[in-house]
Amino acid sequence: MAVATLAVAQVQAAEPVKNVVLVHGAYADGSGWRGVAEILDRDGYKVTVVQEPETSLSDDVATTTRAISQAGGRVLLVGHSYGGIVITQAGSAPQAKGLVKSGQPGR
């Protein structure tokens, strides 16, 4: 039984992450990720662009955490500038499998 459980765990670990959550920087909005989101979508990823309220860091983290929960599986988080701070905190969600911090979206 332990061998079967290990085999299932290895297969699950080998499955690629197909959900991407994009988080914008401060004084911006999610539209800055449009080009990146279109490319990822075309390549078969399920993309969520978080529209942070920018009322406080905790509100932005909560909004991002909700997006992670609603993604429906394992998630790669991508944050631009201030969004990197947000994904660092939201990245403790069990579905978060990786963090990418960017200086400029689309480059």
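Using a distance-only test at 3.5 Å, with no hydrogens or angles considered, a donor-acceptor pair links the side chain of Asp60 to the main chain of Glu54. Using a distance-only test at 3.5 Å, with no hydrogens or angles considered, a donor-acceptor pair links the side chain of Lys97 to the main chain of Pro94. In this structure a side-chain-to-backbone donor-acceptor pair under 3.5 Å is present from His24 to Glu52. Side chain of Gln51 to backbone of Gly30: a donor-acceptor contact under 3.5 angstrom is found.
The two residues Pro53 and Thr63 come nearest to each other via the heavy atoms CD-OG1, 3.4 Å. Nearest heavy atom pair, residue Asn19 against residue Ala71, reads OD1-O, 3.3 Å. For the residue pair Ile68 and Ala90, the shortest heavy atom distance occurs at CD1-O, 3.6 Å.
Side-chain polar atoms of Thr88 and Lys101 form a donor-acceptor pair below 3.5 angstrom. With no hydrogens or angles considered, no side-chain donor-acceptor pair links Ser31 and Arg34 at under 3.5 Å. For the residue pair Asp59 / Ser56, a side-chain donor-acceptor distance below 3.5 Å is found, with atom types taken as modelled.
Taking a 6.0 Å sphere around OH of Tyr45, one finds it holds 12 or fewer heavy atoms contributed by other residues, nucleotides or ligands.
Taking 4.5 Å as the limit, some side-chain heavy atom of Ile39 sits within range of a side-chain heavy atom of Arg42. With a 4.5 Å cut-off on side-chain heavy atoms, Trp33 and Val78 count as touching. For the pair Val20 and Lys46, the minimum side-chain heavy-atom distance is 4.5 Å or more.
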